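Let me begin by presenting the structure, written as structure tokens, before commenting on it.
Owing to the predicted nature of the structure, the values given are computational and were not obtained by experimental measurement. Letters A, B, ... mirror the listed sequences (proteins, then strands); counts begin at 1.
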2 protein chains.
Amino acid sequence: MAGFVSHFTNRLDAKGRVSIPAPFRAVLARDGFEGLYCIKSSHCSAVDAGGNELLAEIEKRSENFIKLSPDHDALAIALFGESENPKIDGDGRMTISEMIRDHTGITDQVTFVGLKYKFQIWEPEKFREYSAEAQKRALAMLSGQAPAPSQGEPV
Amino acid sequence: MAGFVSHFTNRLDAKGRVSIPAPFRAVLARDGFEGLYCIKSSHCSAVDAGGNELLAEIEKRSENFIKLSPDHDALAIALFGESENPKIDGDGRMTISEMIRDHTGITDQVTFVGLKYKFQIWEPEKFREYSAEAQKRALAMLSGQAPAPSQGEPV
DNA sequence: TGGGTACATATGGGATACCATGGGAAATCA
DNA sequence: TGATTTCCCATGGTATCCCATATGTACCCA
């Protein structure tokens, strides 16, 4: 019901593992997905993660294209070929893969950010910067002024 | 449940064998297909591979043509005559055939790419190039802009 | 209200299982 | 019978499982 909310920062151990925040684990458990579904965010240096709800959202995008067509293949490679399915161990931890490390710049700490139907995996400092920027944009939008695009697409 | 997701690169041994990634093997086992179904991709230098789910998708496409018609025969030759059924040995390996080598340019390494209902077999460097391109096309397609065909026609 | 106990979570580390890979030997084919 | 394929086993590295500990928090009882 609640979805992923709030954010948490945890330490990466020597084996490259990190605890997924307990509240997020609870959401995942209710969602019923085996493990975790992870895909690079196309517009910021974070990785989107979630379960069936996120997967359904992603699958919806490719439904309009005919399978075996060049368009569908390209889309499927971008969506599924470039994503990962990390397992979650008995203690609620996941391992941060090469792909995630490369795309996020994570070294020894990980910030988990809830976005309701999914959550994001960030390098803590990069998240702080992005978050500050997002605040400004949100304020500008709410005050009715013209948005300040600055970077990519909206979240 | 998950289908073929993510991508993996494995080494080809002296006998021309390569390990099929364990997660893909698990999907194939669930699918129940004996061995592997392989067919050249019509629009890129990769080979499509999978089990019953892929086969069903291909058959669906040929249903649009009347059996015994020249069109159907031509299609049947293209789809089934040009395909192969490599076995999977006890250790989860397949041998890369002459056909696959020719069509993909594979020499000593193989990249397996999950596309949900099937996976593709690529020469690693070619995959990197194609994937970067696919990423751009996907963004264009999903943002509702005109797609960038760049290459060929649909199957 | 204060003290203490039980539980949950994050984290560390040893042991084990899995997996990709290499290579020998038997079997198959032409 | 020579070449190729299939089966089987060995090995090293990695990921997974399992248990231990610390820190905190909620709860309970006097």
note: D108(A), atom CG; dG12(C), atom C1'; distance rounded to Å ~ 16 Å

Rounded to whole Å, the NZ-C1' distance (K15(A) to dG12(C)) equals 8 Å

Atom CG of D89(A) and atom P of dT9(C) are separated, to the nearest Å, by 14 Å

L12(A) CG to dG13(C) C1', in whole Å, measures 15 Å

Of all heavy-atom pairs linking A49(B) and L54(B), the shortest is C-CD2, 3.6 Å

Less than 6.0 angstrom from the centroid, inside 45 degrees of the normal: does K67(A) satisfy that with respect to the ring of Y117(B)?
yes

E34(B) atom CD: more than 12 heavy-atom contacts under 6.0 Å | no

- prompt: Quick one: do R25(A) and D31(A) make a salt bridge, cutoff under 4.0 Å?
  reply: no

Q. Is the closest basic N to carboxylate O distance between R128(A) and E125(A) below 4.0 Å?
A. yes

**Report entry** Lys/Arg-Asp/Glu bridge criterion (N-O < 4.0 Å) met for R11(A), D108(A)
**Finding:** no

Rounded to whole Å, CD1 of I88(B) lies from P of dT6(D) at a distance of 13 Å

Using a heavy-atom cut-off of under 4.0 Å over every strand shown, decide if D13(A) touches base, sugar-phosphate, or nothing.
-> sugar-phosphate

Whole-Å distance, L36(A) CG to dT16(D) P, equals 13 Å

Sub-3.5 Å pairs of nitrogen or oxygen atoms, protein against nucleotides 18-20 of chain C:
from, atom 1, to, atom 2, distance (Å)
dA20(C), OP1, A22(B), N, 3.0
dA20(C), OP2, R25(B), NH1, 2.7

Whole-Å distance, R93(A) CZ to dG12(C) P, equals 9 Å

In whole angstroms, the gap separating P of dC17(D) from CE of M94(A) amounts to 15 Å

With the side chain defined as heavy atoms from C-beta on, R17(B) is closest, among dA25(C), dC8(D), dC17(D), to dC8(D)

